[in-house]
Peer 1: 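Encoded as structure tokens, here's the structure I'll be asking about.
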Amino acid sequence: AQSVAQPEDQVNVAEGNPLTVKCTYSVSGNPYLFWYVQYPNRGLQFLLKYITGDNLVKGSYGFEAEFNKSQTSFHLKKPSALVSDSALYFCAVRDGGYSSASKIIFGSGTRLSIRP
Amino acid sequence: DAGVIQSPRHEVTEMGQEVTLRCKPISGHDYLFWYRQTMMRGLELLIYFNNNVPIDDSGMPEDRFSAKMPNASFSTLKIQPSEPRDSAVYFCASSNRNDGANVLTFGAGSRLTVL
């Protein structure tokens with residue numbers, strides 16, 4: 001069975017500093033990995049994905065994520081945080097090894113707080 | 001496209017009443033997912049459909065919950081009878097497998113409060 005873990009409930013960063021939100025996963029086949037962001041009283045919005053290829057993927061709003069197969073991790077990063085980045089971030093995984101399955105499982109979420 | 005449309009946005013009901021949540025996916029999307037979000041349990045996958053057919057309903061909590069997708073443009077999630085522990089935000093999301101990864105587009109959610 002696939003699973004995804006976000007070990008930090010909250011991450012606090014000063015504006016202008018780099019940020020990292022951690023995610024680890026477990027799948028039986030090749031992972032398809034995603035990051036989504038949720039603002040208050042809104043649905044989740046897609047940020048970026050990894051399917052194959054370059055381990056560093058770039059997404060919306062200046063975010064990027066690094067796929068590390070040996071550590072089964074897919075950490076979200078941004079070089080310089082903005083106050084407007086404050087939101088709830090979710091990592092998600094789909095088992096790409098089972099071609100007909102599209103079950104997408106989400107982590108518990110990490111609340112990112114950027115202080116001015 | 002107006003995106004994924006969910007209704008109602010807010011529902012307050014009393015224990016024992018029937019609740020029906022509705023979802024209109026993005027036109028052309030062939031997958032539809034229902035998720036439930038609570039503080040305690042996070043975002044849980046309840047059920048998903050492919051081409052209107054339920055594929056995996058292992059996340060549906062119990063027999064009180066049922067979901068249907070009678071056509072490509074409409075799905076319902078029904079709770080009968082409702083209980084206070086069903087209080088949550090219910091999200092519908094749709095996707096197109098042809099994008100290669102099944103990137104989800106979420107609706108704004110239906111916030112359910114069962115008294």
Side-chain angles (χ1 to χ4, degrees), chain A residues 1-10 23 25 27 29-54 57 59-60 65 67 74 87-111, chain B residues 2-10 21 23-26 29-51 53-60 88-112:
Chain A
Q2 66 210 78
S3 65
V4 58
Q6 294 181 241
E8 302 156 317
D9 290 337
Q10 178 139 353
C23 171
Y25 67 90
V27 296
N30 294 321
Y32 289 9
L33 296 157
F34 309 84
W35 277 100
Y36 286 79
V37 61
Q38 185 180 29
Y39 298 101
N41 300 314
R42 303 282 295 275
L44 280 70
Q45 299 175 31
F46 169 73
L47 275 181
L48 51 78
K49 67 183 179 186
Y50 170 84
I51 302 176
T52 186
D54 194 348
V57 294
S60 307
F67 171 65
F74 188 57
L88 189 56
Y89 290 81
F90 290 92
C91 183
V93 65
R94 175 194 150 200
D95 190 339
Y98 183 23
S99 61
S100 64
S102 296
K103 192 169 184 175
I104 301 170
I105 301 299
F106 284 80
S108 55
T110 298
R111 187 165 300 280
Chain B
V4 176
I5 307 297
Q6 291 187 245
S7 65
R9 289 295 312 278
H10 302 274
L21 307 179
C23 176
K24 176 179 170 54
I26 290 175
H29 280 190
D30 54 354
Y31 281 86
L32 184 139
F33 299 74
W34 282 100
Y35 287 90
R36 177 172 69 174
Q37 185 177 31
T38 61
M39 290 291 292
M40 292 297 294
R41 300 175 68 88
L43 200 61
E44 303 172 274
L45 175 63
L46 300 177
I47 185 172
Y48 76 94
F49 297 81
N50 176 219
N51 292 324
V53 176
I55 303 301
D56 188 334
D57 65 354
S58 59
M60 296 286 264
V89 181
Y90 291 81
F91 287 104
C92 175
S94 68
S95 67
N96 184 342
R97 182 65 180 265
N98 290 333
D99 76 4
N102 251 347
V103 172
L104 300 177
T105 301
F106 281 79
S110 294
R111 182 177 295 275
L112 173 64

Peer 1: Under the criterion side chain to side chain contact (heavy atoms under 4.5 Å, CB included), I'd like the reasoning laid out for Y36(A) against V103(B): C-alpha separation, chi angles, the key distance, then a yes or no.
Peer 2: CA-CA 10 Å; Y36(A) 286 79; V103(B) 172; 4.0 Å; yes

Peer 1: Below 4.5 Å from any heavy atom of chain B, which atoms of L33(A) appear? Answer side chain, backbone, both or neither.
Peer 2: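 L33(A) has no heavy atom closer than 4.5 Å to chain B.
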
Peer 1: Return the minimal non-hydrogen interatomic distance between F91(B) and Q38(A), and the atom names on each side.
Peer 2: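 The pair with the smallest heavy-atom distance is CZ-NE2, 3.4 Å.
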
Peer 1: Are I104(A) and F33(B) close enough that some pair of their side-chain heavy atoms sits under 4.5 Å apart?
Peer 2: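 I104(A) vs F33(B): side chains touch.
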
Peer 1: Can you tell me which portion of R111(B) sits under 4.5 Å from chain A's heavy atoms? Options are side chain, backbone, both or neither.
Peer 2: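 Just its side chain gets close to chain A.
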
Peer 1: Quick one: CG on N102(B) to NZ on K103(A), what's the gap to the nearest 0.5 Å?
Peer 2: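 Answer rounded to 0.5 Å: 14.0 Å.
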
Peer 1: Is Q37(B) in contact with chain A via its backbone, its side chain, both, or neither, using a 4.5 Å heavy-atom distance?
Peer 2: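 Looking at Q37(B), just its side chain touches chain A.
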
Peer 1: Which bit of L104(B) comes within less than 4.5 Å of chain A, counting heavy atoms only: side chain, backbone, both or neither?
Peer 2: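 The answer is both parts of L104(B).
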
Peer 1: Answer with side chain, backbone, both or neither: which region of Q45(A) has an atom nearer than 4.5 Å to a non-hydrogen atom of chain B?
Peer 2: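 No part of it gets close to chain B.
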
Peer 1: What distance do L43(B) atom CG and F90(A) atom CZ have between them, rounded to the nearest 0.5 Å?
Peer 2: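 Between L43(B) CG and F90(A) CZ, I get 5.5 Å after rounding to 0.5 Å.
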
Peer 1: With a 4.5 angstrom heavy-atom cut-off, which part of T38(B) approaches chain A: side chain, backbone, both or neither?
Peer 2: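 Neither; nothing under 4.5 Å.
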
